[in-house]
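What follows is a short report on a single structure.
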Amino acid sequence: MKKIFLAVTFTLLAAIVFGQSNVGTKPTIQLVRNATLLIEYGGQRILVDPMLSPKGAIDSWAGIQRNPTIELKMPVEEIVKDVNLVLVSHSHEDHFDKVASKTLNKSIELMIQPADKDFFEKEGFSNATVLNDTKLWNGINIHRLEGQHGSGEVLKMMGKTSGFILEAKNQPTVYIVGDAIWTDDIKQNIKKYKPDYIVVNSGGALIKGFENVPIIMNEEQTMALIRESGHAKVIAVHMDALDHCRTTRSSLIQKASELKIGKDKLIVPQDTEVITLSL
């Protein structure tokens, strides 16, 4: 009995120490590919918008080539390992694909927008929380904010999409904008939450027949966001992975250079690059 008691005690102590060490580690954002992120935050491992398909597994969206246009640089098993939560901005295939649905444990905790409730029920996920506004999860305040995925007739076609704010004690505030064009609502969100980091989908994606109507931010709109970003550092993703995204890392960096915006303000990570966050 004494041996059992000691074993349980050591196990509990190890768990406490492990939890404390996780909380004490610096938060990071790792770009996996496109808009898929791995975030270490408040001692938790959060996966955002998993598109895990191999190169060319999904139909073309621009008539140029099949998607994604590049391979993952990390094994799928490594991406999903030890994930505590999956945040899904919306259920378009470049943000939650068939491979993600098959790979993730159906009991894993997800946070989704109301518009995607039926989708995730059909996919068989038993622990998907519909986030209407704000939820306190393991010491992290997670706010869901709506985005505008295009304009006019295109917006009706694209449907609902969301972004997320992450807030926690002794952690930088992170605003994941999601698939959205630049709007006054995003400007007001920045003013309200005063994020330390803003993750923006800057691929300038277009759809057939509406080539003049971006459905996510392009170079010009990303620069407009930067002008209104306050003290935040801007992390630009959702580039160089899909055939309908016309803004590239190179074109975005070039536009920023023309406007004298440096790496201290705009971070354009490569796939698998890890960004350490600070207050």
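Position 1 is the first residue of the sequence, and the numbers go up from there. The figures that follow rest on heavy atoms only: side chains count, while hydrogens, waters and symmetry mates do not. All values derive from a computational prediction rather than experimental measurement.
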(message) If only side-chain N and O atoms count, and only distance matters, is there a donor-acceptor pair under 3.5 Å linking T247 with N218?
(response) no
(message) We want to know whether D243 and T69 form a side-chain donor-acceptor pair, criterion being a heavy-atom distance below 3.5 angstrom.
(response) no
(message) Nearest 0.5 Å, please: how far is CZ in F164 from CD1 in I142?
(response) 8.0 Å
(message) Would the distance check show the side chain of K194 and the main-chain N or O of H231 forming a donor-acceptor pair, the cut-off being under 3.5 Å?
(response) no
(request) Verify whether one side chain among Q171 and E167 offers a donor that lies under 3.5 Å from an acceptor in the other. (result) no
(message) Side chains of H244 and I64, heavy atoms from C-beta outward: is any pair under 4.5 Å?
(response) no
(request) Decide salt bridge (charged side-chain N to carboxylate O under 4.0 Å, His left out) for D184 and K191; before the verdict, give the C-alpha distance in whole Å, the side-chain angles of both, and the deciding distance to 0.1 Å. (result) CA-CA 11 Å; D184 189 63; K191 286 185 176 180; over 6 Å; no
(message) Tell me if a side-chain donor or acceptor on Q148 pairs with a main-chain N or O of G150 at a distance below 3.5 Å.
(response) yes
(message) Taking A241's backbone N and O only, do any of them form a donor-acceptor pair with R33's side chain (distance below 3.5 Å, no angle check)?
(response) no
(request) Test D185 against T183 for side chain to side chain donor-acceptor pair (under 3.5 Å), laying out the working first. (result) CA-CA 5 Å; D185 285 343; T183 62; 4.8 Å; no
(request) Kindly determine whether K233 and D196 satisfy salt bridge (charged side-chain N to carboxylate O under 4.0 Å, His left out), including the steps that lead there. (result) CA-CA 6 Å; K233 291 186 177 181; D196 300 291; over 6 Å; no
(message) Determine whether a donor-acceptor pair (N or O, by modelled atom type, separation under 3.5 Å) exists between the side chain of T103 and the backbone of A100.
(response) no
(request) Taking H238 for its side chain and G204 for its backbone only, find out whether a donor-acceptor pair lies under 3.5 Å. (result) no
(message) Contact between T129 and I112 at the side-chain level, heavy atoms closer than 4.5 Å - yes or no?
(response) no
(message) For I198 and I235: C-alpha separation, side-chain torsions, deciding distance, then whether side chain to side chain contact (heavy atoms under 4.5 Å, CB included) applies.
(response) CA-CA 6 Å; I198 302 172; I235 302 171; over 6 Å; no
(message) Under a plain distance cut-off of 3.5 Å, with no hydrogens placed, do S107 and N127 share a side-chain donor-acceptor pair?
(response) no
(message) Checking S162 against E146: is there a side-chain donor and acceptor pair closer than 3.5 Å?
(response) no
(request) Answer yes if I186 and I165 sit in the same cluster of Ile, Leu, Val, Met, Phe, Trp and Tyr residues linked by side chain heavy atoms under 4.5 Å apart, and no otherwise. (result) yes
(request) Output, in order, the C-alpha distance, side-chain angles, deciding distance and verdict of side chain to side chain contact (heavy atoms under 4.5 Å, CB included) for V88 and D49. (result) CA-CA 5 Å; V88 184; D49 283 355; 4.1 Å; yes
(message) Between R45 and I39 (side chain of the first, backbone of the second, donor and acceptor by atom type, cut-off under 3.5 Å), is there such a pair?
(response) no
(message) Could you check whether D179 and T161, counting side-chain N and O atoms only, form a donor-acceptor pair closer than 3.5 Å?
(response) no
(request) Apply the test salt bridge (charged side-chain N to carboxylate O under 4.0 Å, His left out) to residues K117 and E121: give CA-CA distance (whole Å), side-chain angles for both, the deciding distance (0.1 Å), then the verdict. (result) CA-CA 6 Å; K117 181 176 183 291; E121 284 182 354; 2.7 Å; yes
(message) Do K255 and T222 pair up side chain to side chain, a donor and an acceptor below 3.5 Å, judged on atom types alone?
(response) no
(request) Please work out whether the ring planes of H95 and H90 are parallel, tilted or perpendicular, with thresholds of 30° and 60°. (result) tilted
(request) Could you check if a side-chain atom of L242 sits within less than 4.5 angstrom of a side-chain atom of N34, using non-hydrogen atoms only? (result) yes
(request) Kindly say whether I58 contributes a backbone atom to a donor-acceptor pair with the side chain of E93 at under 3.5 angstrom? (result) no
(request) Decide yes or no for L104 and L52: does some side-chain heavy atom of the first lie under 4.5 Å from some side-chain heavy atom of the second? (result) no
(message) With a 3.5 Å distance limit and no angle check, can you tell me whether Y41 reaches the backbone of P172 through a side-chain donor-acceptor pair?
(response) yes
(message) Over 60° means perpendicular and under 30° means parallel, so tell me whether F96 and F119 are parallel, tilted or perpendicular.
(response) perpendicular
(request) Apply the test salt bridge (charged side-chain N to carboxylate O under 4.0 Å, His left out) to residues K73 and D271: give CA-CA distance (whole Å), side-chain angles for both, the deciding distance (0.1 Å), then the verdict. (result) CA-CA 7 Å; K73 294 183 178 179; D271 291 352; 5.1 Å; no
(request) Evaluate the side-chain proximity of V177 to Y175: yes if any heavy-atom separation is below 4.5 Å, no if none is. (result) yes
(message) For K192, is the NZ atom crowded, meaning more than 12 foreign heavy atoms sit under 6.0 Å from it?
(response) no
(request) Could you grab the distance from atom CE of M111 to atom CG of L131, nearest 0.5 Å is fine? (result) 6.0 Å
(request) Would you please say whether a donor-acceptor pair under 3.5 Å links the side chains of E109 and W137? (result) yes
(request) Return yes if some donor-acceptor pair links the side-chain N/O of S53 with the main-chain N/O of A57 below 3.5 Å, else return no. (result) no
(message) With a 6.0 Å cut-off (strictly less than), is the heavy-atom count around NZ of K98, excluding the residue itself, greater than 12?
(response) no
(message) Any donor-acceptor pair under 3.5 Å linking the side-chain atoms of E40 with those of T28?
(response) no
(request) Quick one: do T36 and V48 satisfy side chain to side chain contact (heavy atoms under 4.5 Å, CB included)? Show the steps, please. (result) CA-CA 5 Å; T36 304; V48 180; over 6 Å; no
(request) Apply the test side chain to side chain contact (heavy atoms under 4.5 Å, CB included) to residues T272 and Q30: give CA-CA distance (whole Å), side-chain angles for both, the deciding distance (0.1 Å), then the verdict. (result) CA-CA 6 Å; T272 72; Q30 181 177 28; 4.0 Å; yes
(request) Verify, without hydrogens or angle tests, whether R246 (side chain) and A205 (backbone) share a donor-acceptor contact under 3.5 angstrom. (result) no
(message) Would you compute the distance between atom CD of E123 and atom OG of S91 and round it to the nearest 0.5 angstrom?
(response) 9.0 Å
